There are 2 protein chains.
Amino acid sequence: MNLGAHPFTLRQLQYAVAVAEWLSFRKAAELCHVSQPSLSAQLAHMEQAFGVRLFERDQRRVLVTAAGRELIKHARLILRETDDLEELAHRSRDPLSGTLRIGVIPTISSYLLPRLTAALRKAYPRLTVLWVEDKTQVLLRSLEAGMLDAALLALEADIGDVERGIVGPDPFVLATPVGHPLGAKTSPAMASELKDVSVLLLDDGHCFREQALAFCSGAKAHELEFRATSLSTLAQMVAGGAGVTLLPELAVAVEAKRAELSIRPFAQPVPKRTITLVWRKRSPLDSALRQLVATIRAAYSRTSNQRGAAARVI
Amino acid sequence: MNLGAHPFTLRQLQYAVAVAEWLSFRKAAELCHVSQPSLSAQLAHMEQAFGVRLFERDQRRVLVTAAGRELIKHARLILRETDDLEELAHRSRDPLSGTLRIGVIPTISSYLLPRLTAALRKAYPRLTVLWVEDKTQVLLRSLEAGMLDAALLALEADIGDVERGIVGPDPFVLATPVGHPLGAKTSPAMASELKDVSVLLLDDGHCFREQALAFCSGAKAHELEFRATSLSTLAQMVAGGAGVTLLPELAVAVEAKRAELSIRPFAQPVPKRTITLVWRKRSPLDSALRQLVATIRAAYSRTSNQRGAAARVI
DNA sequence: CAGGTTCATAGTCACAGCCTATCATCTTCA
DNA sequence: TGAAGATGATAGGCTGTGACTATGAACCTG
């Protein structure tokens with residue numbers, strides 16, 4: 001490890017990054033809460049130390065040089081790491097306290113959160129979770145940008161290279177209007193029964209759409225043109241007789257109560273998704289999040305059991 | 001990006017890492033070239049800022065706490081990154097390394113780049129050039145906006161107030177279908193021969209169109225309605241007997257090989273364009289780019305000679 | 001118990017880094 | 001065309017951080 005004095009400071013890196021972001025010394029100085037001359041001076045020192053011009057500036061505008069681009073990219077990385085370190089320090093007093101920002105996809109949030117928040121409040125009374133609901137890809141981008149600490153989504157989606165902790169499997173069931181021939185049978189549903197049946201699916205961008213679609217096209221079902229933007233809408237339309245659909249079992253308890261639906265489980269191989277908590281690799285929250293996953297898993301499996309019971313009643 | 005002041009410094013991280021490594025304040029202070037009290041004071045500040053005790057110390061020994069282990073692991077990572085940044089700065093002191101974004105017009109790129117990239121790789125092995133192909137006016141706007149570092153184009157176009165380095169002249173030649181009366185003569189072509197001849201030209205927006213058009217209208221030639229979008233298309237159409245055209249000599253070697261063309265040079269005054277590298281005034285890359293121009297010029301004149309040889313064979 | 005460790009504390013000082021005020025340019029708009 | 005309003009650079013002065021030396025307190029070792 002190099003123990004020699006570093007020729008630059010974290011503060012200087014922040015200044016450089018701020019200027020690169022706003023292409024303005026004044027604006028950057030304002031955001032960094034220093035005067036513009038101070039910022040100018042620090043950047044001058046930094047350029048001197050590096051022996052490289054980072055910014056091309058005249059009296060009307062600022063541009064980042066080729067060298068500047070490379071260096072500032074790296075500076076951003078370092079600053080993110082320092083933020084992580086701060087975060088780590090803050091948490092190391094008490095890992096599961098403070099505020100955690102967690103993303104969650106819509107087809108999970110409505111059904112899991114009500115029960116989960118209660119369990120979390122009980123397990124970690126000093127922890128506040130800020131839930132952010134959006135589609136998988138948006139959440140993953142926010143996660144990467146450091147705007148989220150973790151995200152709760154389906155493992156089957158394209159989630160890239162992230163750390164993960166599995167909460168549990170969520171099998172899909174067949175939902176049909178009451179009185180529909182497919183809903184009448186008592187045996188588990190076979191994929192082959194879906195051949196040429198009209199199914200309704202979620203709109204583009206919802207990962208549950210992709211997962212259900214994969215199964216349906218394998219079964220040679222026929223997708224109707226209309227696409228719902230939430231599972232609730234989907235359930236309403238099915239109840240209205242527009243067609244049949246797949247629902248994650250997680251949603252059944254709520255949706256079958258709101259709308260008149262017949263629910264049948266599928267025979268092996270059961271289509272399913274795997275609910276998972278994901279976070280950045282090398283996140284300082286790693287161990288805390290693993291602990292959190294255990295708590296979520298416990299709450300989820302309790303919910304599953306109750307759902308199982310509810311299903312038997314129907 | 002968090003722009004708030006960081007509660008710690010890189011120096012403090014070094015101190016902490018050194019202590020963790022040697023489990024001794026004195027030894028660590030010595031290696032960091034500071035007095036032991038200075039190091040003690042900084043670590044005390046750091047622990048205060050973090051709100052966590054990093055070291056368990058009494059007068060006979062030093063131990064790293066559980067929190068300290070985590071934090072110092074992360075601190076090591078950050079210090080490695082800062083070393084990388086320093087290294088990066090050191091390398092970028094050599095302006096002709098890293099990535100340069102250079103624009104180039106289509107009537108140059110296809111013919112010059114294959115040879116040029118090889119020459120550049122050889123001359124500047126640590127330089128990566130990202131070539132961006134577009135029309136002159138688009139390139140100049142990108143250059144002005146800082147999205148490009150330089151652009152390779154024809155001096156004869158309207159290029160505004162930019163810094164420039166001339167690569168070399170690119171004379172135009174007369175290209176006719178094989179068997180065309182204008183192609184039969186062995187003497188250099190006169191502008192007057194083009195009177196009332198049907199010529200094909202590039203589409204609007206290509207600067208080569210403007211340059212060729214200036215010459216042709218001076219010669220009272222007659223432009224056919226059809227306009228090609230690339231020199232290759234143009235050559236194909238001429239070979240097909242649709243008319244005659246002007247080609248930059250740079251393109252002859254490639255195009256005359258693909259299509260059956262007769263090529264004649266022009267008599268004085270030879271119509272031509274001047275291939276030029278341009279960049280922003282006051283760009284910090286100025287001296288590097290002048291050096292680059294010299295390299296490009298060398299590669300271009302070698303290409304010219306070979307093209308001269310090829311032309312004699314035809 | 002003296003001498004040699006260890007890290008912590010006290011007191012002093014220099015300079016890095018901040019501030020305000022001002023300059024030199026360039027753009028904008030009346 | 002000229003005044004007002006940007007922007008970044010420069011000048012000069014102040015202050016607080018982080019360095020130093022000297023010393024203190026606790027602990028081992030011969």
Side-chain angles (χ1 to χ4, degrees), chain A residues 3-50 52-65 68 72, chain B residues 3-50 52-65 68 72 75 144-146 160-162 280-284:
Chain A
L3 292 173
H6 272 290
F8 58 87
T9 66
L10 290 175
R11 206 87 230 280
Q12 290 172 336
L13 296 188
Q14 289 181 319
Y15 293 169
V17 166
V19 170
E21 199 136 321
W22 292 91
L23 297 180
S24 156
F25 279 42
R26 297 195 97 87
K27 185 76 187 167
E30 185 186 327
L31 293 182
C32 292
H33 307 109
V34 289
S35 69
Q36 168 263 314
S38 299
L39 183 136
S40 279
Q42 286 310 308
L43 288 182
H45 283 159
M46 201 173 166
E47 288 181 327
Q48 177 114 37
F50 281 168
V52 177
R53 216 149 164 67
L54 299 177
F55 302 103
E56 184 182 334
R57 44 206 190 267
D58 56 29
Q59 283 81 357
R60 62 180 179 283
R61 65 197 192 139
V62 173
L63 292 176
V64 184
T65 65
I72 286 165
Chain B
L3 291 174
H6 273 289
F8 58 88
T9 65
L10 291 175
R11 208 86 230 279
Q12 290 173 336
L13 296 188
Q14 290 180 321
Y15 293 169
V17 166
V19 169
E21 201 136 320
W22 292 90
L23 295 180
S24 157
F25 278 42
R26 296 198 86 84
K27 185 74 188 168
E30 186 187 326
L31 292 181
C32 290
H33 307 109
V34 288
S35 69
Q36 168 265 315
S38 299
L39 183 138
S40 280
Q42 287 309 309
L43 287 183
H45 283 159
M46 202 173 166
E47 290 182 324
Q48 177 117 35
F50 282 168
V52 179
R53 215 147 172 70
L54 299 176
F55 302 103
E56 197 69 48
R57 47 210 193 265
D58 55 30
Q59 284 78 0
R60 60 177 177 281
R61 62 193 188 148
V62 174
L63 291 178
V64 185
T65 65
I72 286 165
E144 198 51 27
D161 191 23
V162 291
R280 282 186 301 279
K281 280 193 177 297
R282 291 184 306 277
S283 164

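Keep in mind that this is a model prediction, so the values were computed, not measured. Only this structure's heavy atoms are used, side chains among them; waters, hydrogens and symmetry mates stay out. Proteins come first, then strands; the chains are lettered A, B, ... in the order of their sequence lines, and each starts at number 1.
Spacing between atom CD of B/E30 and atom P of C/dT5 amounts to 13 Å, rounded to whole angstrom units. Taking atom CH2 on A/W22 and atom P on D/dG8, their separation rounds to 14 Å, with Å as the unit. Atom P of nucleotide D/dG8 and atom CD of A/E47 are separated by 13 Å, given to the nearest angstrom. Taking atom CZ of residue B/R26 and atom C1' of nucleotide C/dA8, one finds them 11 Å apart after rounding to whole Å. One interatomic measurement links the two molecules: CG of A/L43 to P of C/dC18, which rounds to 11 Å at whole-angstrom precision. A/K27 has its NZ atom 10 Å from the P atom of D/dT7, to the nearest Å. One can place CD of B/Q48 at 12 Å from P of C/dT9, the figure rounded to the nearest angstrom. Straight-line distance from the CG atom of A/L10 to the C1' atom of C/dG17: 15 Å, rounded to whole Å.
A distance of 7.5 Å separates OG1 in B/T9 from CG in A/L10, rounded to the nearest 0.5 Å.
Residues passing the side-chain hydrogen bond (donor to acceptor under 3.5 Å, both in side chains) test with B/S24: none are found, sequence neighbours excluded. The ring pair (Phe, Tyr, Trp, His ring centres under 6.0 Å) check on A/F25 picks up nothing, with sequence neighbours excluded. With sequence neighbours left out, the side-chain hydrogen bond (donor to acceptor under 3.5 Å, both in side chains) criterion links A/R26 to no other residue.
The shortest distance between side-chain heavy atoms of B/V34 and B/R11 falls below 4.5 Å.
Nearest heavy atom pair, residue A/A16 against residue A/I72, reads O-CD1, 3.9 Å.
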Original post:
Given A/V64 and A/V19, is the side chain to side chain contact (heavy atoms under 4.5 Å, CB included) satisfied, shown in steps?
Top reply: CA-CA 9 Å; A/V64 184; A/V19 170; over 6 Å; no
Polar atoms only, N or O, under 3.5 Å: list the protein pairs with nucleotides 25-29 of chain C and their distances.
{"from": "C/dT27", "atom 1": "OP1", "to": "A/R60", "atom 2": "NE", "distance (Å)": "3.4"}

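Contacts of A/R57 with the nucleic acid, taken as non-hydrogen atoms under 4.0 Å apart, involve only primed sugar atoms and P, OP1 or OP2.
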Original post:
What string of B, S and - do you get for nucleotides 12-20 of chain D, 5' to 3', if B is base contact, S is sugar-phosphate-only contact and - is no contact with any protein heavy atom under 4.0 Å?
Top reply: ------SSB
Could you tabulate the donor-acceptor pairs under 3.5 Å formed by side-chain atoms of residues 39-48 of chain B, not counting sequence neighbours?
{"from": "B/S40", "atom 1": "OG", "to": "B/Q36", "atom 2": "O", "distance (Å)": "3.4"}
{"from": "B/S40", "atom 1": "OG", "to": "B/Q36", "atom 2": "NE2", "distance (Å)": "3.1"}
{"from": "B/Q42", "atom 1": "OE1", "to": "B/Q12", "atom 2": "NE2", "distance (Å)": "2.9"}
{"from": "B/E47", "atom 1": "OE1", "to": "B/R53", "atom 2": "NH1", "distance (Å)": "3.4"}
{"from": "B/E47", "atom 1": "OE1", "to": "B/R57", "atom 2": "NH1", "distance (Å)": "3.3"}
{"from": "B/E47", "atom 1": "OE1", "to": "B/R57", "atom 2": "NH2", "distance (Å)": "3.0"}
{"from": "B/E47", "atom 1": "OE2", "to": "B/L54", "atom 2": "N", "distance (Å)": "2.8"}
{"from": "B/E47", "atom 1": "OE2", "to": "B/F55", "atom 2": "N", "distance (Å)": "3.2"}
{"from": "B/E47", "atom 1": "OE2", "to": "B/R57", "atom 2": "NH1", "distance (Å)": "3.1"}

